[in-house]
Amino acid sequence: MSSPRVRFAPSPTGYLHVGGARTALFNWLYAKRTGGTFILRVEDTDRERSTDEHTRVILEGLEWLGIGWDEGPYFQGAYGERHRADAERLLAQGRAYRCFCTREELDAQRAVSEARKEGFRYDGRCRRRTAADVEAQIAAGVPSTIRLAMPDEELAWDDAVHGRISFQGRDLDDFVILRSDGTPIYNHAVVSDDIAMEITHVIRGDDHISNTPKQIALYRALGRAEPVFAHVPMILGGDGKKLSKRHGATAVGDYQDQGIFPAAMRNFLALLGWSPGDDREIMPEAEMIAAFSLEGIQSKPAVFDAAKLEWMNGQYLSATPAADLLAPVERQLERAGIAVKGQQLLPLIDAVKARSRTILQLAEQVAVRLRGPAALDAKAEALKAKMGESFAANLRRAVAALDPLPEAEWRPEPLLASLKSAAEGAGVKLGDAMQPIRVALTGSTVSEPVNELLAIVGRSASLDRMKAAAER
RNA sequence: GGCCCCAUCGUCUAUCGGUCAGGACGCGACCCUUUCAAGGUCGAGAGACGGGUUCGAUUCCCGUUGGGGCUACCA
């Protein structure tokens with residue numbers, strides 16, 4: 001058997017969402033794993049809703065994730081002629097027929113069905129027209145669509161994820177394959193393209209399961225063998241409903257903006273609905289490719305857990321050398337109007353790296369060390385309130401203890417020694433002595449060890465911030 | 001309404017008839033640090049329900065319930 005050919009076929013009617021990104025990832029992983037070809041096809045047949053901007057964002061999103069394609073991007077809109085020819089062929093072979101029903105007639109029938117709480121199905125009245133009648137209608141210039149004559153037979157396949165799935169042709173419509181303006185309907189365009197592009201494995205979202213029997217009918221009518229289908233389950237929001245904008249960030253670009261690493265996003269998405277079969281969590285790209293299989297894909301939908309994504313990103317962040325973080329941190333600092341650049345940032349990055357989960361958080365922490373806290377966070381406020389008078393008193397004592405230290409002695413070890421002896425002398429717990437300093441320097445109750453923090457912030461800025469906080 | 005898919009800790013998952021039902025996120029505690037939401041250790045926490053099949057069911061079958069998808073001259 002020749003090597004697999006798979007495709008990701010987004011429609012540019014919106015941004016690249018995490019569900020689409022994961023579908024693309026699974027296709028890509030499968031191609032990499034099997035030495036196959038990954039094809040990108042933009043399904044822009046919905047002229048009204050498709051935009052170049054969306055296409056651009058989708059392509060950029062895939063590139064950002066490191067999902068490169070071997071062929072394409074092809075644009076479905078460019079193949080209108082083949083779509084039409086395929087429909088005409090079906091028409092000529094009697095596997096499809098012209099329908100002269102108007103939209104208004106159809107809508108009226110649908111309204112009646114719905115009022116009776118029944119599902120609407122096209123009754124196939126035009127299928128029974130005589131050849132002479134059809135000729136007459138055409139001659140009279142009545143517009144028509146082309147509908148597939150759905151066979152009354154079983155339409156089943158062995159889904160690579162779900163196992164055998166079976167539909168009955170009689171439950172399905174004679175659906176339209178070519179509009180009256182000569183453009184193709186989705187299911188027809190997909191099959192025509194998948195045949196032309198020799199797609200062997202269709203890996204796509206679960207929501208296409210009910211499209212599959214229609215497409216199988218089309219493959220049969222067109223006299224072609226169908227590909228392997230693998231329907232991957234959907235991604236849900238925390239409320240168990242299909243993930244959508246009201247669940248917060250759902251576009252891949254949102255996570256890029258939040259400072260998530262592409263590698264972390266890829267790792268997280270891969271494990272959402274797929275498992276290597278063992279306990280591995282952090283998986284390098286090569287390992288994911290080596291372990292990937294369609295059988296490892298889960299059949300139930302998965303809830304998108306942003307907290308786990310952040311944890312995973314934190315793992316990648318901790319493992320990344322400060323030097324590699326310099327450029328993105330500089331970019332964030334510049335945005336915040338901080339001009340500091342270069343090597344001098346490295347110690348700051350190292351100081352806060354382990355406690356940050358995204359580049360954004362990391363850059364914020366670096367910024368705070370550089371120019372001081374804008375305000376206290378909730379926990380810092382609570383701590384200050386709880387400590388009352390002793391908050392300022394402890395700060396004043398710290399200032400008195402540290403002020404005599406010359407610039408050359410402003411290093412972690414001497415700082416710790418001074419702080420300890422001052423606390424001991426006053427009979428305060430070291431924690432009570434340290435936390436106010438942490439809050440004064442960062443506005444937060446969390447940071448690297450305080451003596452290191454003082455060294456990072458520097459002598460004069462540290463003393464200034466402590467004095468200011470003591471007076472406030 | 002019809003057709004179809006799905007069902008293990010709160011969440012992501014392992015288990016391919018016999019397991020103390022394992023791991024991860026999150027949560028809690030403890031340890032480390034005479035200072036942090038880092039690190040380490042431990043803990044709480046699951047087979048939707050009812051029938052079968054079987055010596056034995058989370059695992060296979062059926063039903064119920066509960067989710068979800070599709071049901072356009074959208075994709």
Side-chain angles (χ1 to χ4, degrees), chain A residues 9-14 43-46 48-50 76 99 101-103 106-107 110 113-114 116-122 143-147 159 161-162 165-168 170-173 175-181 183-187 189-190 205-214 231 233-234 236 238 240-242 268 271-282 295 298-305 307-312 314 318 353-357 379 416 419-420 423-424 429-438 442 444-453:
Chain A
S11 59
T13 54
E43 309 211 319
D44 55 350
T45 51
D46 185 350
E48 311 240 310
R49 295 190 297 156
S50 298
Q76 194 160 56
C99 172
C101 296
T102 65
R103 211 164 181 144
L106 261 14
D107 285 347
R110 200 180 340 269
S113 299
E114 273 164 22
R116 281 203 299 242
K117 289 211 153 190
E118 284 168 11
F120 170 71
R121 276 231 323 285
Y122 178 63
S144 63
T145 61
I146 296 179
R147 288 181 184 270
D159 195 278
V161 172
H162 294 273
I165 298 179
S166 167
F167 286 78
Q168 292 298 328
R170 74 180 72 93
D171 293 327
L172 270 26
D173 251 0
F175 65 97
V176 172
I177 58 177
L178 206 69
R179 297 186 184 95
S180 50
D181 67 359
T183 60
I185 281 300
Y186 170 76
N187 281 309
V190 165
D206 233 348
D207 47 341
H208 286 291
I209 285 182
S210 43
N211 282 142
T212 305
K214 298 180 185 177
H231 287 97
M234 321 219 60
L236 273 26
K241 296 253 195 304
K242 187 174 171 179
F268 175 75
L271 257 25
L272 198 60
W274 171 76
S275 157
D278 53 39
D279 289 340
R280 278 177 288 178
E281 296 279 344
I282 304 295
E295 292 67 39
Q298 188 80 12
S299 53
K300 75 165 180 178
V303 174
F304 190 91
D305 182 5
K308 187 157 184 176
L309 203 212
E310 289 203 357
W311 166 79
M312 188 162 280
S318 299
K353 209 175 72 168
R355 285 172 189 75
S356 303
R357 295 198 149 188
K379 284 188 177 172
L416 183 58
L419 252 15
K420 275 187 180 176
E424 261 167 41
K429 286 193 294 185
L430 197 58
D432 287 340
M434 297 293 205
Q435 279 302 70
I437 301 175
R438 183 170 270 134
T442 68
S444 150
T445 55
V446 180
S447 81
E448 61 274 38
V450 169
N451 54 321
E452 291 172 25
L453 173 65

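Naming convention: chains lettered A, B, ... in sequence-line order (proteins, then strands); numbering from 1 in each chain.
Mapping A:L272 and A:L309 onto RNA chain B by nearest heavy atom places A:L272 closer to the 5' end of the strand. RNA chain B is contacted by both A:L416 and A:Q168; A:Q168 maps to the nucleotide lying nearer its 5′ end (nearest heavy atom per residue).
Across all strands shown, A:G273 has heavy atoms under 4.0 Å from sugar-phosphate atoms exclusively, and none from any base. Contact annotation for A:D432: no contact, since no heavy-atom pair falls under 4.0 Å across all strands. Looking at heavy-atom distances under 4.0 Å, A:G238 makes no contact with the nucleic acid at all. Here A:V303 lies in heavy-atom contact (under 4.0 Å) with sugar-phosphate atoms only. Using a 4.0 Å heavy-atom cutoff across all strands shown, A:S166 reaches sugar-phosphate atoms only and no base atom. A:T45 comes within 4.0 angstrom of sugar-phosphate atoms only, judged by non-hydrogen atoms across all strands, and of no base. Residue A:C101 is classed as a base contact, given a heavy-atom separation below 4.0 Å to a base.
Counting to the nearest Å, the C1' atom of B:U11 and the CG atom of A:L271 are 13 Å from each other. Note: CH2 (A:W311) to P (B:U11) measures 18 Å, nearest angstrom. As a whole-Å value, the separation of A:R355 CZ from B:U33 P is 16 Å. Protein atom CZ of A:R179 is 6 Å distant from nucleotide atom C1' of B:C73, rounded to whole Å. The separation between A:F268 atom CZ and B:U13 atom P is 9 Å, rounded to whole Å. Counting to the nearest Å, the C1' atom of B:C74 and the CD atom of A:Q76 are 12 Å from each other. The NZ-P distance, from A:K429 to B:U33, rounds to 16 Å in whole Å. For the pair A:R438 CZ and B:U33 C1', the interatomic distance rounds to 10 Å; values are reported in whole Å.
Side-chain contact check for A:H162 versus A:S299: some heavy-atom pair is nearer than 4.5 Å. A 4.5 Å side-chain heavy-atom check between A:L271 and A:P276 finds at least one atom pair inside the cut-off.
Pair check for B:A7 finds B:U65; Watson-Crick or G-U wobble, both atom distances under 3.5 Å. If you check B:C32 for Watson-Crick or wobble pairing at under 3.5 angstrom, you find it has no partner at all. Nucleotide B:A21 forms a pair with no other nucleotide shown, judged by Watson-Crick or G-U wobble geometry with both contacts under 3.5 Å. Using N1 to N3 plus N6-O4 or O6-N4 for Watson-Crick, or N1-O2 and O6-N3 for G-U wobble, each under 3.5 Å, B:C60 pairs with B:G52.
One cannot find a donor-acceptor pair under 3.5 Å joining the base of B:G2 and the side-chain atoms of A:D171. Side-chain atoms of A:S180 come within donor-acceptor range of the base of B:C73, with a qualifying N/O pair under 3.5 Å. Within 3.5 Å, a donor on the side chain of A:K308 pairs with an acceptor on the base of B:A24, or the reverse.
Comparing the C1' positions of B:A44 and B:G26 gives an interatomic distance of 13 Å, to the nearest angstrom. If you take atom P in B:G43 and the same atom in B:G22, they sit 11 Å apart, rounded to whole Å. B:U8 and B:C49 have their C1' atoms separated by 15 Å, with the value rounded to a whole Å. Distance noted for atom P between B:C70 and B:C20: 44 Å (whole Å). Taking atom C1' on both nucleotides, B:A48 is separated from B:G67 by 11 Å, rounded to a whole Å. Here the separation of B:G23 from B:U41, taken at their P atoms, is 12 Å to the nearest Å.
A distance-only check finds a donor-acceptor pair linking the side chain of A:R121 to the backbone of A:R170 [under 3.5 Å]. Judged by distance alone, with hydrogens and angles left aside, the side-chain atoms of A:D173 form a donor-acceptor pair with the main-chain N or O of A:Y122 at under 3.5 Å.
Of the listed nucleotides (B:U35, B:C73, B:A75), B:A75 has the atom at the smallest distance from the side chain of A:N187. Distance from the side chain of A:I165 is smallest for B:C4 among the nucleotides B:C4, B:U13, B:C25. Across B:G23, B:C73, B:G10, the shortest atom-to-atom separation from the side chain of A:E281 is found for B:G23. Nearest to the side chain of A:E43, among B:G23, B:U35, B:A75, sits B:A75. Side-chain proximity of A:A302 to B:A75, B:U35, B:U13: nearest is B:U13.
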Between N or O atoms, less than 3.5 Å apart, protein on one side and nucleotides 68-72 of chain B on the other: list the pairs.
{"residue": "B:G68", "atom": "OP1", "partner": "A:K241", "partner atom": "NZ", "Å": "3.2"}
{"residue": "B:G69", "atom": "O2'", "partner": "A:D207", "partner atom": "O", "Å": "3.3"}
{"residue": "B:C70", "atom": "O4'", "partner": "A:S210", "partner atom": "OG", "Å": "2.9"}
{"residue": "B:C70", "atom": "O2'", "partner": "A:S210", "partner atom": "OG", "Å": "3.2"}
{"residue": "B:A72", "atom": "OP2", "partner": "A:R110", "partner atom": "NH1", "Å": "3.3"}

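Applying the salt bridge (Lys or Arg N to Asp or Glu O under 4.0 Å) rule to A:D432 yields no partners; only residues at least two apart in sequence or on another chain are considered. A:Y186 meets the ring pair (Phe, Tyr, Trp, His ring centres under 6.0 Å) test with A:H208; sequence neighbours excluded.
From A:I165, atom CD1 reaches atom CD1 of A:I209 across 4.0 Å, with rounding to the nearest 0.5 Å. Taking CD of A:Q435 as the reference point, atom NZ of A:K379 lies at 11.0 Å (rounded to 0.5 Å).
OP1 or OP2 of B:C25 has not a single side-chain nitrogen or oxygen of A:R357 nearer than 4.0 Å. Residue A:S299 has a polar side-chain atom (N or O) positioned under 4.0 Å from OP1 or OP2 of B:A7. Residue A:Q298 places at least one side-chain N or O closer than 4.0 Å to OP1 or OP2 of B:A14.
Residues A:E281 and A:K308 are paired through a salt bridge, judged by an N-O separation under 4.0 Å between the basic side chain and the carboxylate. Taking a cutoff of 4.0 Å between a charged side-chain nitrogen and a carboxylate oxygen, A:D181 and A:R179 do not qualify as a salt bridge.
A donor-acceptor contact closer than 3.5 angstrom links the side chains of A:T212 and A:H231.
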